[in-house]
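Below is one structure, written out as structure tokens; the observations come after it.
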Number of protein chains: 2
Amino acid sequence: MSTSRVDRPLGRGRGIPEATVARLPLYHRSLMGFADRGVATVSSEELAAAAGVNSAKLRKDLSHLGSYGTRGVGYDVDYLVYQVARELGLTQDWPVVIVGVGNLGHALANYGGFTSRGFRIAALVDSDPARTGELVNGLAVQSLGRLEEIIDEADVSIAVVATPASAAQEVCDRLVAAGVTSILNFAPVPLQVPSGVDVRKVDLASELQILAFHELRKQMSSLAALPQLAAHPARPGHPAHPALAPRSEATG
Amino acid sequence: MSTSRVDRPLGRGRGIPEATVARLPLYHRSLMGFADRGVATVSSEELAAAAGVNSAKLRKDLSHLGSYGTRGVGYDVDYLVYQVARELGLTQDWPVVIVGVGNLGHALANYGGFTSRGFRIAALVDSDPARTGELVNGLAVQSLGRLEEIIDEADVSIAVVATPASAAQEVCDRLVAAGVTSILNFAPVPLQVPSGVDVRKVDLASELQILAFHELRKQMSSLAALPQLAAHPARPGHPAHPALAPRSEATG
DNA sequence: TCGACTTTGTGCGTCCGTTCACAAGGGCTT
DNA sequence: AAGCCCTTGTGAACGGACGCACAAAGTCGA
Ligand SMILES: NC(=O)c1ccc[n+]([C@@H]2O[C@H](COP(=O)([O-])OP(=O)(O)OC[C@H]3O[C@@H](n4cnc5c(N)ncnc54)[C@H](O)[C@@H]3O)[C@@H](O)[C@H]2O)c1
Ligand SMILES: NC(=O)c1ccc[n+]([C@@H]2O[C@H](COP(=O)([O-])OP(=O)(O)OC[C@H]3O[C@@H](n4cnc5c(N)ncnc54)[C@H](O)[C@@H]3O)[C@@H](O)[C@H]2O)c1
């Protein structure tokens with residue numbers, strides 16, 4: 001969704017659509033579920049149901065990786081797991097640095113799901129001296145000053161930004177300068193990066209707001225015919241509505 | 001991205017494209033930034049830069065809400081903030097229930113960004129009796145048994161699922177049965193819901209895997225010409241590659 | 001009052017993603 | 001060995017999103 005447009009480096013042979021890439025992790029997880037249950041073969045219909053997608057879409061997605069199915073039978077689970085994992089780069093362990101070990105950073109550092117999916121938390125970094133040395137999930141929080149050193153030593157190319165919004169761009173710049181080329185950003189600011197660096201953002205407040213939008217429509221269609229409560233506020237002046245005053249804690 | 005297809009209730013007058021809806025929170029946040037800095041008017045160019053999008057896209061997005069700009073001048077910040085907020089339903093406070101107060105649930109409950117953006121955490125619910133009564137951000141964790149009661153009393157229509165994957169569907173079913181019609185799901189499972197209920201999922205492991213996919217391509221184009229390390233594994237048999245064995249902690 | 005300048009709002013071409021529907025292909029039974 | 005049946009892989013139609021480029025529309029200075 002928000003991966004910065006790269007200049008499509010490979011000449012069309014390996015051109016897997018971005019939408020497909022975004023679903024591969026889903027397929028991988030569903031396939032692992034079948035594998036764990038001892039299932040040897042799945043049809044596109046079954047796998048699609050488990051992943052919650054259309055079966056035609058699943059087949060087209062998989063066809064971009066190669067022709068790994070058997071007509072009349074389905075897909076060999078182990079074989080397909082391997083192919084998807086290889087495509088995703090999960091056959092290696094990616095060292096990841098988490099910058100900002102507050103509420104969210106702690107949750108991420110304590111999460112076991114990353115480790116089991118090809119990622120290893122290489123370091124935790126925080127600018128707060130009071131946090132330096134704190135053990136989180138067996139890993140000591142390190143000072144922000146060591147950031148470049150850490151990235152270099154552990155050969156880190158993927159970083160997670162979980163700092164306040166006000167610090168995110170600065171942290172991002174340092175990460176990129178130190179050699180990081182993929183960033184997962186939790187701060188509600190659009191990060192500026194040079195081309196060649198991918199950024200994906202996770203914006204939890206936005207997700208709720210999108211839900212609220214649809215929720216509002218549902219409510220409106222329920223309470224269908226009611227008198228208009230208030231006229232629209234005057235055009236150029238200030239909104240007549242008293243709500244929505246609170247300062248955003250960090251807008252960017 | 002993953003809002004379940006609703007039957008488009010309103011007859012085309014209010015038809016705002018989903019892609020536009022997903023960006024409105026972004027615009028709202030950027031606008032709040034301008035407002036906080038005392039800026040009275042912004043051009044589409046400035047606002048687009050702040051939001052990190054194309055200015056033509058921004059203008060087209062805003063045009064779906066109405067004709068709120070002034071040609072030759074730009075947009076009145078306060079007025080536009082109000083219009084966007086109204087469209088998103090942020091002029092009211094949405095009570096939200098968080099189910100599952102573990103690592104992630106704690107982080108969410110402690111986060112101030114929700115409260116300042118139109119959401120109020122109405123209750124925290126967890127199935128673990130040891131957690132019941134625990135104070136998180138001034139709110140006591142309640143037992144799972146009270147779920148329906150809570151939803152009914154506080155008139156909750158938006159819920160956050162932060163339970164383990166294995167419990168997510170069951171929790172989801174209870175939420176829906178109790179009247180919740182919007183769910184933000186952090187568990188890595190595709191939730192099944194009846195039509196009329198919206199689900200958005202946040203899948204952090206997937207985000208990292210998508211980054212890893214692109215990262216792999218970058219590495220491959222760097223280390224361009226190297227001997228093939230290993231041949232492809234045998235077709236129907238088990239993958240020759242020894243990696244990727246770990247059980248997924250919670251898959252389906 | 002008029003004209004030059006600025007910026008919005010949008011028509012349109014293009015691209016990407018989704019879905020239907022079916023032919024091609026492989027296994028299994030007889 | 002032959003045909004039946006099942007499932008894959010994909011051609012093609014469709015729809016939505018994006019971004020260019022420009023006309024419409026309003027402001028501001030002279
Ligand atoms: N907690 C949530 O549930 C949640 C939800 C949505 C978005 N977010 C966003 O995620 C980010 C982190 O949220 P949080 O709740 O963990 O905040 P937090 O304040 O609890 O933690 C932020 C941490 O970053 C550290 N930090 C500050 N500046 C830094 C710098 N320059 N370099 C390194 N570390 C630095 C702070 O010392 C602190 O430990 C914020 O941008 C927030 O808006 C959080
Ligand atoms: N922590 C992270 O950073 C992270 C990252 C990605 C995904 N996730 C996903 O988010 C979810 C929560 O993660 P977590 O790290 O907070 O896990 P956790 O184990 O720390 O917390 C889960 C909580 O849910 C409670 N719970 C279990 N069953 C329940 C039920 N039926 N009803 C109500 N509560 C129940 C448990 O008591 C526990 O407190 C998981 O599905 C996980 O895969 C978490």
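Residue numbers begin at 1 in each chain, while the letters A, B, ... track the order of the sequences. Just so it is clear, the structure is predicted and the values come from calculations on it, not from any experiment.
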Presence of [X] side-chain N/O under 4.0 Å of [N] phosphate oxygens OP1/OP2:
X	N	value
Asn54(A)	dC20(C)	yes
Ser44(B)	dT7(C)	no
Tyr75(A)	dG26(C)	no

Could you tabulate the donor-acceptor pairs under 3.5 Å formed by side-chain atoms of residues 182-191 of chain A, not counting sequence neighbours?
| residue | atom | partner | partner atom | Å |
| --- | --- | --- | --- | --- |
| Ser182(A) | OG | Glu215(B) | OE1 | 2.4 |
| Asn185(A) | OD1 | Ala187(A) | N | 3.0 |
| Asn185(A) | ND2 | Ala187(A) | O | 3.1 |
| Asn185(A) | ND2 | Val189(A) | O | 3.0 |

In Å and rounded to the nearest 0.5 Å, what is the [atom1] to [atom2] distance from [X] to [Y]?
X	Y	atom1	atom2	value
Tyr75(B)	Glu46(B)	OH	CD	12.0 Å
Leu208(B)	Arg117(A)	CG	CZ	11.0 Å
Asp36(A)	Leu31(A)	CG	CG	11.0 Å

Just how far, in rounded Å, is [atom2] of [N] from [atom1] of [X]?
X	N	atom1	atom2	answer
Leu47(B)	dT7(C)	CG	P	14 Å
Glu45(B)	dG9(C)	CD	P	14 Å
Glu18(A)	dT18(C)	CD	P	11 Å
Glu46(A)	dC6(D)	CD	C1'	12 Å
Leu58(A)	dG9(D)	CG	C1'	12 Å
Asp61(A)	dT8(D)	CG	P	14 Å
Ile16(A)	dC16(C)	CD1	P	15 Å
Arg23(A)	dT18(C)	CZ	C1'	8 Å

For Leu216(A) against Glu87(B), the heavy-atom pair lying closest together =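 Result for this residue pair: CD2-O, 3.9 Å.
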Looking only at non-hydrogen atoms, find the nearest pair between Pro194(B) and Val176(B) and report the distance.
->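 Heavy atoms of Pro194(B) and Val176(B) come nearest at CG-CG1, 3.7 Å.
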Shorter than 3.5 Å, N or O on both sides, protein versus nucleotides 10-12 of chain C: list them out with atom names.
| residue | atom | partner | partner atom | Å |
| --- | --- | --- | --- | --- |
| dG11(C) | O6 | Lys60(B) | NZ | 3.0 |
| dC12(C) | N4 | Lys60(B) | NZ | 3.3 |

Taking for each residue the nucleotide of DNA chain C with the nearest heavy atom, is it Lys57(A) or Leu62(B) whose nucleotide lies nearer the 5' end?
-> Leu62(B)
Tell me, please, whether Phe213(B) has Arg217(B) positioned over its six-membered ring: NZ or CZ under 6.0 Å from the ring centre and within 45 degrees of its axis?
->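 Yes, Arg217(B) lies over the aromatic ring of Phe213(B).
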Consider the side chain of Val73(A), meaning its heavy atoms from C-beta on, and name the nucleotide among dT8(D), dG27(C), dT27(D) that approaches it most closely.
->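 Within the option list, the nearest is dG27(C).
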